[in-house]
Amino acid sequence: MIARDERPLAAVPAMVFAMLITALGLQIAWHAAQPRPVARAEALEAPVAVPVLRVASLGEPVALAQLVTLYLQAFDNQPGISIPFRELDYRRVIEWLETILALDPATQYPLLMATHLYGQVPDQARQRLMFDFVHTQFLRDPNRRWRWLANVTLACKHRLKDLPLALQYAREIAQLAPDAPPWARQLHIILLEDMGEVESAKIVIGGLLDSGQIKDPYELRFLIDRLRSLEEKAENSTSPSKN
Amino acid sequence: MGRRQIATLARFTLLEAWRTRLPWLFVIALALVFGAAYFVHQLAITESARMQTAFSAAASRLVAVFVLSLYILTSLVREFNDKGLELTLSFALRRADYVLGRFLGFLLIAVVMALLAGLPQMILAPAPAALQWISSLALELIIIAALSVFCILTFTQLMPAASFVAGFYLLARAITAIQLISSSAIVADATLSQRVIGWVIDGLALMLPALDQFTRSAWLVDSAPGWTAIGSCAVQALIYTALLIAAAMFDFYRRNL
């Protein structure tokens, strides 16, 4: 059936038909003859300087920070190839994360990436680099970034098996982040207990109770229970064996 | 084939471009790009020359494609609206000659635009690399000219034709990356639907020119591709231009005026 405003196919000269078919065949043959595209991993380049990015953001540094974040997040997944995190240059990744935080200091995203993406690689040296980055950023704004250091504290304990480092981070949360919830500020107590330093843990809990900082009745009860259990543990360990 | 008619139409197409001040418009756009590239150069702390060249090349390429396609579309739409097409075809002129004549004019405009766009790159990059970049841009613009002619003869209205050209251009520049993503290891052991999508993308890639292989800024800042690669681009441009012009003629012959 012919559309109302179209002429029949017979109106098209045979030469045009032939040209169309030939060109179409050549296009398919040419394309099929080309080698298939090969994926190539590109190295992560250094980020552009923050002042330049601020100018380039045209007054929208937060929006630009988000775009940069997405770029970095997708970098491991280049067209046709997936780069394992462990093959990324971690010092360079940290430069990018710092750039994002410089553009948008309120964002938590780079810290999440450091903790939960780049900090998960089975390579302790790289993990330590990321944890150190999170620690440095925590020191700049403890009340907003304590949760990432809390995550890192647990990772130090369970994955790195580095209890002294975990304890250092936990103590800093307790000292520098008054807005952090009690469980985060009391992490060092649990760590001390795990390290077998029951006396130290008792002193810390006692200090907390005496300081009057703890107002919540549930939290008070939890700490008192914890103190009792530590005392029992201490007694058991000092009492002579019946055998 | 009416060679004289084709040459006359091409000459009038060039004359129209000159009288509608297309060269000045394009030169002003290039001057703005060059100024912006200089600004980037001043901002950069390191690799400033590299950034200036890459920005200038990439932006000039986009501006050239945008200006040329929009010019062709508006020029032909104006001819349709002013009934100039009916007047032209009332002479002893075959439709195929009309398409060829107009396209030849646009092809010459495309080459001149590529030369103009290449002048700043001649200053910023080594001459052999800049010459290869200019040649590739000319070939790319010829494909865009053929595409614009095809679209406006098929759709006859500016909006759908311009949208199609923009969509086609973006897809042709991205199709290799899309193909790579579809065949990556992540989706290799894929479901049937993913495999079908992979076949569709491969089929689409067969029908599109791989414009990501053309006119790369990296040629100017890293290393020139060599004339063999430009030759490959030329073959692709020749085949695809022939296909688009044949398709344009096909549609134009079937149209009732």
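Numbers restart at 1 for each chain; the letters A, B, ... are given by sequence-line order, proteins then strands. Because only heavy atoms are used, hydrogens play no part in the values below, and waters and symmetry mates are left out as well, while side chains stay in.
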Original post:
Passes side chain to side chain contact (heavy atoms under 4.5 Å, CB included), B:Arg254 versus A:Val12? Steps please.
Top reply: CA-CA 7 Å; B:Arg254 294 204 67 201; A:Val12 182; 3.5 Å; yes

Original post:
At their closest point, which heavy atom of B:Phe250 faces which heavy atom of A:Val16, and how far apart are they?
Top reply: N-CG1, 3.8 Å

Subject >> Residues of residues 21-35 of chain A within contact distance of chain B, non-hydrogen under 4.5 Å >> reply: A:Ala23, A:Leu24, A:Leu26, A:Gln27, A:Ile28, A:Trp30, A:His31, A:Ala32, A:Gln34

Subject >> chain B-proximal positions within residues 119-139 of chain A [heavy-atom distance under 4.5 Å] >> reply: none

**OP:** Report the distance from atom CE of A:Met15 to atom CZ of B:Arg94, rounding to the nearest 0.5 Å.
**Re:** 9.0 Å

Please tabulate, one pair per line, all N/O donor-acceptor pairs under 3.5 Å involving side-chain atoms of residues 196-206 of chain B, not counting sequence neighbours.
residue	atom	partner	partner atom	Å
B:Asp202	OD1	B:Gln179	NE2	3.1

Let me check something: any side-chain donor-acceptor pairs from residues 145-160 of chain B under 3.5 Å, sequence neighbours excluded? List them with distances.
residue	atom	partner	partner atom	Å
B:Ser148	OG	B:Ile144	O	2.8
B:Thr154	OG1	B:Phe150	O	2.7
B:Thr154	OG1	B:Asp251	OD2	2.6

Subject >> Whether over 12 other heavy atoms sit under 6.0 Å from B:Tyr38 OH >> reply: no

Subject >> Exam field: side chain B:Arg255 to backbone A:Glu6, donor-acceptor pair closer than 3.5 Å >> reply: no

Original post:
B:Thr241, B:Leu238, B:Leu243, B:Leu208: which one forms the most heavy-atom pairs within less than 4.5 Å of chain A?
Top reply: B:Leu243

